Each structure stands twice: as structure tokens, then as C-alpha cells.
Amino acid sequence: MPREDELKALGKKTIYKTDYDKDVLETFINKHQDHDYFVKFNCPEFTSLCPITSQPDFATIYISYIPDKLMVESKSLKLYLFSFRNHGDFHEDCVNIIMEDLIALMNPKYIEVWGKFLPRGGISIDPYVNYGRSGTKYALMAEERLKWHDLNPDKIDNR
């Protein structure tokens with residue numbers, strides 16, 4: 001398991017990748033494994049490219065997870081999300097890729113990723129994806145949250 005003093009990105013000169021790169025993600029040990037809690041990241045400066053037109057897409061990405069043994073280091077997450085800047089994929093693909101990469105990285109008990117994309121052509125797209133570890137209460141939680149994830153949608157003033 002990685003130690004905090006082994007983190008590569010934190011405290012170092014920032015090098016920004018110009019295309020998708022999951023290898024910049026880093027973890028550290030969860031010091032509070034004895035209980036469940038949510039960690040939430042609000043990432044309001046996400047950009048990617050439309051795979052058809054190459055026009056930029058802008059979004060706020062919300063990532064919430066219940067950690068198990070490992071947690072994602074926030075600067076590495078920032079660099080990872082920045083690496084989508086020149087990556088061409090549909091909105092739905094981006095949120096699924098982000099979730100799948102984070103599951104592979106840290107094996108959380110539960111995770112959800114919600115992209116709130118600004119409109120292009122008069123339509124905004126807000127894909128939501130989640131995962132709960134199979135065979136646990138978190139799988140049931142994922143089913144319920146998926147059913148009700150947008151029951152009380154946010155008021156969004158910028159679209």
C-alpha cells in the first residue's frame with residue numbers, strides 16, 4: 001500500500017498531461033476504515049472534446065465515494081480530470097470512464113459520478129453513474145440512489 005511520503009504529484013511542480021491519462025492518479029491509505037463516510041469532490045472546470053465536432057464541452061463533475069482501504073489523492077485527481085481536456089468522448093462516456101478508473105484505482109465501497117455539462121446547441125446533458133460493491137449493502141444503496149438520484153434536482157443558474 002502506498003504511503004503519503006510516496007505521492008508523486010503532491011508538493012511537486014505540476015506537469016499537465018494534454019490527453020487522457022489514468023496513470024497520474026494516486027492513492028493514500030484511509031486512516032478511518034472503521035466507519036463509513038462520504039468523500040465528495042466538486043470539479044467545476046472539467047473540459048473534454050466532442051468526438052464528432054472536436055468542440056469543447058464544459059462541465060462540473062461531482063464525484064462522491066465511500067472509501068475502503070484507499071483514497072484518491074486530490075491533486076492527482078485534478079491532473080487526471082485535466083487530462084480529459086483534449087480527449088474526445090461523449091459526456092456519458094466521460095463519467096463512466098472516470099468512475100471505472102476510480103474503481104480500479106481504489107476499490108471503494110460505493111462511488112457515484114455525476115456530470116453537469118453546459119449546453120451546446122440548446123441542450124445540456126447530465127449523465128449520472130454509480131456503483132456499489134457487489135454482494136454488500138452498497139450494491140443495494142447504488143440501486144436506490146440510481147432510482148432517486150435526480151428527485152430534487154439542483155437549481156442551475158448558468159444554463
Side-chain angles (χ1 to χ4, degrees), residues 1-11 17 19-48 51 57-85 87-118 124-159:
M1 292 214 176
R3 296 188 336 253
E4 291 174 32
D5 61 349
E6 296 175 326
L7 297 172
K8 296 178 187 104
L10 191 61
K17 302 289 184 164
D19 202 1
Y20 167 75
D21 185 2
K22 67 181 176 183
D23 293 332
V24 300
L25 287 167
E26 296 185 305
T27 60
F28 62 94
I29 296 170
N30 175 11
K31 295 179 182 175
H32 306 281
Q33 296 174 34
D34 56 331
H35 57 276
D36 289 342
Y37 60 97
F38 266 104
V39 176
K40 184 173 184 179
F41 293 101
N42 302 311
C43 314
E45 298 175 348
F46 181 83
T47 60
S48 61
D57 291 314
F58 302 92
T60 297
I61 301 290
Y62 298 95
I63 301 166
S64 296
Y65 72 99
I66 300 173
D68 191 3
K69 294 182 175 114
L70 297 176
M71 300 176 71
V72 66
E73 192 278 316
S74 61
K75 183 175 181 181
S76 77
L77 179 64
K78 176 186 80 165
L79 295 173
Y80 165 75
L81 293 173
F82 185 87
S83 80
F84 279 83
R85 173 59 189 97
H87 179 73
D89 242 329
F90 292 113
H91 304 347
E92 300 85 353
D93 297 321
C94 289
V95 298
N96 276 280
I97 290 167
I98 292 166
M99 185 186 75
E100 291 164 5
D101 287 347
L102 290 172
I103 290 170
L105 177 75
M106 59 181 172
N107 190 24
K109 297 174 184 177
Y110 174 84
I111 188 168
E112 59 190 33
V113 180
W114 197 342
K116 300 219 175 190
F117 285 81
L118 293 177
S124 61
I125 301 173
D126 294 347
Y128 171 89
V129 62
N130 73 359
Y131 158 86
R133 193 176 290 160
S134 181
T136 69
K137 66 181 180 181
Y138 308 104
L140 298 173
M141 179 180 165
E143 285 181 28
E144 286 301 308
R145 286 181 73 94
L146 183 61
K147 281 194 273 187
W148 306 108
H149 81 278
D150 206 15
L151 184 62
N152 298 304
D154 296 334
K155 181 178 184 311
I156 299 173
D157 294 327
N158 64 344
R159 33 182 179 158

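Since the structure is predicted, the reported quantities are computational estimates derived from the model, not experimental observations.
- Defined by atom type and a distance below 3.5 Å, a donor-acceptor pair is missing between the side-chain atoms of N130 and Y65.
- The closest donor-acceptor contact from the side chain of R145 to the backbone of L140 lies at 3.5 Å or more, if one exists at all.
- One distance of note links CG of L79 with CG of D23; it measures 13.0 Å at 0.5 Å rounding.
- Interatomic distance, CE of M99 versus CD1 of I63, reported as 11.5 Å (0.5 Å rounding).
- V72 is listed as a side-chain neighbour of F41, based on a closest heavy-atom distance under 4.5 Å.
- Taking the side chain as every heavy atom from C-beta outward, C43 and L81 approach each other to under 4.5 Å.
- Here the side chains of W114 and D126 are in contact, with some heavy-atom distance below 4.5 Å.
- Here the closest heavy-atom approach between residue K147 and residue E144 is recorded as NZ-OE2, 2.9 Å.
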Run the side chain to side chain contact (heavy atoms under 4.5 Å, CB included) check on I97 and F84 step by step: do they pass? CA-CA 10 Å; I97 290 167; F84 279 83; 3.9 Å; yes
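- For the pair F117/P127, a side-chain contact is recorded, criterion being any heavy-atom separation below 4.5 Å from C-beta on.
- Residue pairs meeting the side-chain hydrogen bond (donor to acceptor under 3.5 Å, both in side chains) criterion with at least one member in residues 88-105, sequence neighbours excluded, are Y20-D101, Y80-D101, H87-D89.
- Considering CD1 of I66 and NZ of K109, their distance stands at 7.5 Å, rounded to 0.5 Å.
- For F46 and F58, the ring centers are positioned 6.0 Å apart or more.
- For the pair G135 and A139, the tightest heavy-atom approach, listed with the atom from each and the gap, is N-CB, 4.3 Å.
- In this structure a side-chain-to-backbone donor-acceptor pair under 3.5 Å is present from S76 to E26.
- Shown here for A142 and G132, the closest heavy-atom pair between the two residues is CB-N, 3.5 Å.
- Atoms CD1 and CD1, from I98 and I61 in turn, are 4.5 Å apart once rounded to the nearest 0.5 Å.
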Check step by step if side chain to side chain contact (heavy atoms under 4.5 Å, CB included) holds for E45 and T47. CA-CA 6 Å; E45 298 175 348; T47 60; over 6 Å; no
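- With contacts defined as side-chain heavy-atom distances shorter than 4.5 Å, the pair P67/P108 does not qualify.
- Salt-bridge annotation for D19 and R85: absent, with no side-chain N of the basic residue lying under 4.0 Å from a carboxylate O of the acidic one.
- In this structure, the separation between CG on N30 and CE on M71 is 5.0 Å, given to the nearest 0.5 Å.
- Side-chain contact between T136 and M141 is absent, with no heavy-atom pair separated by less than 4.5 Å.
- Looking at heavy atoms from C-beta onward, L105 lies in side-chain contact with T27 at the 4.5 angstrom threshold.
- With hydrogens and angles left out, the side-chain atoms of Y110 and D36 include no donor and acceptor closer than 3.5 Å.
- Contact of the L77 side chain with the L25 side chain is registered, since non-hydrogen atoms from C-beta on lie closer than 4.5 Å.
- Going from atom OH of Y131 over to atom CG of L146 covers 15.0 Å, rounded to the nearest 0.5 Å.
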